[in-house]
Amino acid sequence: MINRAFLKAGHTPTLLCAFFYFDMAFMVWALLGPLGVQLSRLLHLTAGQKGLMVALPILSGAVLRVLFGVLVDRLRPRLTGIITQCIVLATLVATWLIGIHSYGEMLILGLLLGVAGASFAVALPLASRWYPPEYQGIVLGIAGAGNSGTVLAALFAPTLAAHLGIATVFVIAAVPVAIAFVTYLAFARNAPSPPPPKHLADYATVLGHGDAWWFMLFYGVTFGGFSGLASSLTIYFNGQYGLSAIAAGYCTAACVFAGSMVRPVGGALADRIGGIRALTIMYMIAAAALVIVSIGLPLFWMALAVFVVSMLAFGMGNGAVFQLVPQRFRREIGVMTGLVGMTGGVGGFFLASSLGFARQHTGSYGAGFLIFAGLALLALLGLTSVKSRWRTTWGASVDVAQV
């Protein structure tokens, strides 16, 4: 955990900047979810269109994470982060000036907001490269806790939209993003000994390792569950229980807060008991919670309680996965962060869009939840199948408790 040795091991200002940058980027990335109820009324959207609207930034961010993972190795994390923040700020100000008038414009905005989601592939290597293997779980947990920015979006975006208008929300969001950008410029630094830049063939080589695909699946479920629910729950509580956009946003904020705050706990727990053991427990809890909520609980507070449990499992799972990744792919952490982060976004897109289409075609969200619960069980089976090999191959070179 955090102690004097930890503080001396790396660069605390960069770690905190990575968190702040990631936090504000995730706030922007998640804006369409909390605004989904009001945007759907403005644009007269079907349930399927609502699901695609909130899912598209997740998919765009997923794809862009690969690109920015490459740029991190080529340009180094600090410069790549500067580029992404400039694009995000320009998008927020342009949305305020132009406004949103059609579903097509909404989809274009969703694609651009994906740049904020791609910050994952920048912030984590920026922090990780400063620290030795024994601190990777807690470091990536702290930096990754920036996904708590989705709490801010859920808490404030619906209320601000109701009183000031939807477009104004975007320029208000630009203010803390600009503060994070200035802080980043002042204090964030690249680690002194980065891995050498890789050729494109090297990225294909990483995909030749079966372990890379396993990590992609594992994070596709943990982060996919977190981001998909974070983007969809405001619409879910409104459609399923008739809550107002503001009340639904508060419920969503409670769930997201739970999932984001425990990410460092998941990394620290994985450091203590091993990432494999931690993930096994978390997949079981998440799958059970999604099955329970799929039946359509009669009262919203019951569903809220179950969603909090599921988000706790997904949030801790995010930290546990990235406790393992740097141990297996230390020198390829830039590209692996991009690839693993991409599949996390794909998982979130799949969950958010499937919930919308399930509602439109069946009248219930249940099928979407059940399908994702099945993916969690699939990840659990995969983890069970590889754990012995991991512990006797690359896991043998580190403290067994870490694997």
Side-chain angles (χ1 to χ4, degrees), residues 11-33 56-98 108-130 140 142-153 156-157 167-191 194 227 230 260 334 337-338 341-342 344-345:
H11 193 251
T12 301
T14 296
L15 176 58
L16 296 178
C17 284
F19 165 79
F20 191 20
Y21 156 47
F22 195 28
D23 199 52
M24 294 302 98
F26 257 58
M27 176 189 70
V28 172
W29 193 36
L31 275 177
L32 297 190
L56 191 58
I58 306 177
L59 180 63
S60 174
V63 175
L64 290 173
R65 284 176 180 188
V66 178
L67 171 62
F68 287 119
V70 174
L71 290 179
V72 161
D73 279 342
R74 297 284 176 169
L75 303 179
R76 304 191 69 181
R78 186 176 183 275
L79 178 57
T80 306
I82 291 171
I83 294 170
T84 65
Q85 290 174 86
C86 288
I87 296 172
V88 169
L89 282 167
T91 299
L92 293 172
V93 174
T95 302
W96 171 58
L97 292 173
I98 298 171
I108 293 173
L109 174 60
L111 290 172
L112 291 173
L113 291 180
V115 175
S119 62
F120 176 96
V122 183
L124 270 63
L126 178 69
S128 170
R129 290 179 177 180
W130 278 99
L140 294 177
I142 291 172
N147 56 27
S148 61
T150 52
V151 178
L152 301 176
F156 299 114
T168 306
V169 174
F170 291 89
V171 74
I172 293 175
V175 175
V177 171
I179 294 173
F181 181 47
V182 172
T183 304
Y184 184 95
L185 288 174
F187 299 106
R189 297 291 181 268
N190 289 314
S227 60
S260 58
T337 299
M342 177 195 70

Spacing of [X] atom [atom1] and [Y] atom [atom2] [to the nearest 0.5 Å]:
X: Ile108; Y: Ser60; atom1: CD1; atom2: OG; answer: 12.0 Å
X: Tyr21; Y: Leu126; atom1: OH; atom2: CG; answer: 8.5 Å
X: Arg74; Y: Phe68; atom1: CZ; atom2: CZ; answer: 15.5 Å
X: Phe187; Y: Leu16; atom1: CZ; atom2: CG; answer: 10.5 Å
X: Asp23; Y: Cys17; atom1: CG; atom2: SG; answer: 12.5 Å

Is there side-chain contact between [X] and [Y], with at least one heavy-atom pair below 4.5 Å?
X: Leu75; Y: Ile83; answer: yes
X: Leu152; Y: Phe26; answer: no
X: Val115; Y: Thr91; answer: no
X: Thr183; Y: Met24; answer: no

Testing the basics here: between [X] and [Y], what is the closest heavy-atom pair and its distance to 0.1 Å?
X: Pro57; Y: Trp29; value: O-NE1, 2.7 Å
X: Asn190; Y: Arg78; value: OD1-N, 3.0 Å
X: Val169; Y: Leu31; value: CG1-CD2, 4.1 Å

Check the angle between the aromatic planes of His11 and Trp130 and answer parallel, tilted or perpendicular using the 30° and 60° thresholds.
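Because their plane-to-plane angle is under 30°, the rings of His11 and Trp130 count as parallel.
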
